[in-house]
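A, B, ... follow the sequence lines: proteins, then strands. Residue 1 opens every chain.
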2 protein chains.
Amino acid sequence: MPRVSDMKNRLTDAALDLMWENSYGTTSVDAICERAGAKKGSFYYFFKSKSELTAAALEAEWNKNKANMDALFSPTVPPLERFDRYFDYVHDRLAERQKTCGSILGCPILSIGSEVSTQDQGVRVTVDRIWDRKIKYFESAIRDAHAQGLIVAPDPEAKARALFACYHGTLAQARIQNDVELLRDFKQVAMDVLGVKHTQAVSS
Amino acid sequence: MPRVSDMKNRLTDAALDLMWENSYGTTSVDAICERAGAKKGSFYYFFKSKSELTAAALEAEWNKNKANMDALFSPTVPPLERFDRYFDYVHDRLAERQKTCGSILGCPILSIGSEVSTQDQGVRVTVDRIWDRKIKYFESAIRDAHAQGLIVAPDPEAKARALFACYHGTLAQARIQNDVELLRDFKQVAMDVLGVKHTQAVSS
DNA sequence: ATAATAGTTGACCGATCAGTCAAGGCGAAT
DNA sequence: ATTCGCCTTGACTGATCGGTCAACTATTAT
């Protein structure tokens with residue numbers, strides 16, 4: 001067997017990075033190659049098109065984040081607390097990234113998905129698939145919360161989709177307005193959407 | 001005085017149309033000109049860049065829709081009913097458009113805004129401004145609903161922003177999944193976000 | 001050591017990109 | 001009817017786009 005290369009990962013990393021910070025359309029294959037330290041020929045050795053690279057980059061991002069998601073939404077954590085931890089995690093990650101690039105970047109799945117959905121079915125289907133996987137974490141937490149009588153959610157799947165959409169709307173707004181504080185306010189909105197019985201703030 | 005031309009409007013109409021259906025990045029100046037029946041030189045007679053045209057197109061779209069919004073959110077309509085009518089209106093408009101282009105297009109403000117926000121401050125600021133204007137309709141309806149004891153919303157502006165973000169998240173999801181039914185389900189979510197009292201009593 | 005193969009390179013392609021410009025056409029006020 | 005100036009035209013630019021290709025390198029199993 002000949003040599004092995006990490007170039008494929010470098011390319012997907014560079015692609016997602018650039019597309020997240022800018023957009024799919026303004027991220028050229030040349031720019032991806034430059035950041036990955038690759039030449040154009042190498043790019044097209046691994047991927048047959050920019051579209052295919054994008055789908056691979058989104059899947060790679062999912063794989064890198066899956067363990068984190070599993071931990072955040074661990075069944076050992078009280079169901080409603082899972083959301084709190086997840087929202088905190090995303091907030092912190094976006095705030096951290098803002099320090100280096102100056103912008104709140106929102107969710108790459110939504111940004112890229114919204115941009116290409118009417119034109120690139122390959123990427124669209126990939127976005128859809130990852131979207132569904134992430135919703136499963138919400139769904140499971142909602143079902144557990146319902147079982148414990150914390151909320152009333154006879155249709156956990158629908159409730160999960162709704163909450164996920166609301167959250168992503170807030171992420172998109174945070175990106176457009178470049179304001180991370182919008183994410184802080186979402187926790188209360190999430191409780192409203194989930195139908196958590198209103199609780200007065202308890203000093204901790 | 002020499003002749004007058006409707007070319008400027010034709011160009012903004014064509015631009016918004018193409019960017020809504022596809023994206024900002026994939027909408028070329030050439031394509032805009034072709035749809036508007038203009039030559040490149042005319043385009044740059046009216047606008048000094050694609051970016052400036054986009055900002056103008058968004059403002060023009062707002063101006064065309066303002067009367068509709070005023071009617072939908074008329075103070076003569078019961079406050080919570082205003083939302084119902086607005087959501088129906090958007091749903092019907094998107095469903096109608098789907099017949100001709102095959103896709104649920106979501107909200108152009110969000111799509112374009114999300115796409116260019118980190119790269120084009122001119123368009124970003126325009127998106128921001130229109131976003132704020134639209135939120136005012138929500139805010140006013142929420143304040144009226146609060147005054148009538150239909151909901152509890154001590155901070156109507158924050159509630160309006162939250163609901164607007166949630167709705168746009170749903171619009172984005174509908175675009176990505178090309179599914180108009182997601183918008184139908186939003187009405188109940190909106191009631192949850194607004195904190196409308198229904199069968200489920202809310203503890204004080 | 002060498003052969004087989006995974007990976008790399010850089011030159012190249014036609015198309016399209018946003019944007020420019022000088023010149024001319026054409027409507028309205030005089 | 002002339003003139004003023006809004007608007008249109010079409011040919012043009014240099015850069016960049018996504019993508020191709022044949023030749024080359026480097027690694028590793030044998």
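- Using a 4.0 Å cutoff on non-hydrogen atoms, the parts of residues 37-47 of chain B near DNA chain D are K39(B), G41(B), S42(B), Y45(B), F46(B), ordered by number.
- The existence of a salt bridge linking R97(A) and E21(A) is confirmed by a sub-4.0 Å separation between a basic side-chain nitrogen and an acidic carboxylate oxygen.
- For R124(A) and D120(A), the salt-bridge test fails: no basic side-chain N is under 4.0 Å from an acidic carboxylate O.
- From one end of the helix from dA1(C)-dT30(D) to dG24(C)-dC7(D) to the other, with five pairs defining each end axis, the axis direction shifts by 20° (rounded to 10°).
- One can place CE of M7(A) at 16 Å from C1' of dT27(D), the figure rounded to the nearest angstrom.
- Among the protein residues, T27(A) comes within range of the sugar-phosphate backbone only, with heavy atoms under 4.0 Å from sugar or phosphate atoms but none that close to a base.
- A salt bridge is absent between E139(A) and R161(A); no separation between the charged side-chain nitrogens and carboxylate oxygens falls under 4.0 Å.
- The environment of NZ in K136(A) is sparse: at most 12 heavy-atom neighbours from other residues, nucleotides or ligands sit within 6.0 Å.
- As rounded to whole Å, 10 Å separates atom P of dG19(C) from atom CD1 of I32(B).
- Nearest to the side chain of V4(B), among dG18(D), dC7(D), dG19(C), sits dC7(D).
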- prompt: Are T27(A) and N22(A) close enough, and set up right, to give a side chain to side chain donor-acceptor pair (under 3.5 Å), and what steps lead you there?
  reply: CA-CA 7 Å; T27(A) 300; N22(A) 303 294; 4.9 Å; no
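- For L11(B) and dG19(C), the CG to P distance is 14 Å, given to the nearest whole Å.
- Note on K99(B) versus E96(B): salt bridge recorded, some NZ/NE/NH1/NH2 to OD/OE distance being below 4.0 Å.
- Atom CG in D30(A) sits roughly 16 Å away from atom P in dC17(C) (whole-Å rounding).
- Atom-to-atom, CD of E34(B) to P of dT8(D) comes out at 17 Å; the value is rounded to the nearest Å.
- Between S5(B) and the phosphate of dT8(D), there is a side-chain N or O to OP1/OP2 separation shorter than 4.0 Å.
- Residue S28(A) places at least one side-chain N or O closer than 4.0 Å to OP1 or OP2 of dC17(D).
- R10(A) places its CZ atom 15 Å from the C1' atom of dA6(C), with the value rounded to the nearest Å.
- The cationic group of K39(A) does not satisfy the cation-pi geometry with Y44(A), failing either the under 6.0 Å distance to the six-membered ring centre or the 45° limit from the ring axis.
- Note: F138(B) and F87(B) have perpendicular aromatic rings, judged against thresholds of 30 and 60 degrees for the angle between ring planes.
- Figure legend: cation-pi geometry between K40(B) and Y45(B) absent, as NZ or CZ is not positioned both under 6.0 Å from the six-membered ring centre and within 45° of its axis.
- Regarding K50(B), its NZ atom lies at a distance of 15 Å from the P atom of dT20(C), rounded to whole Å.
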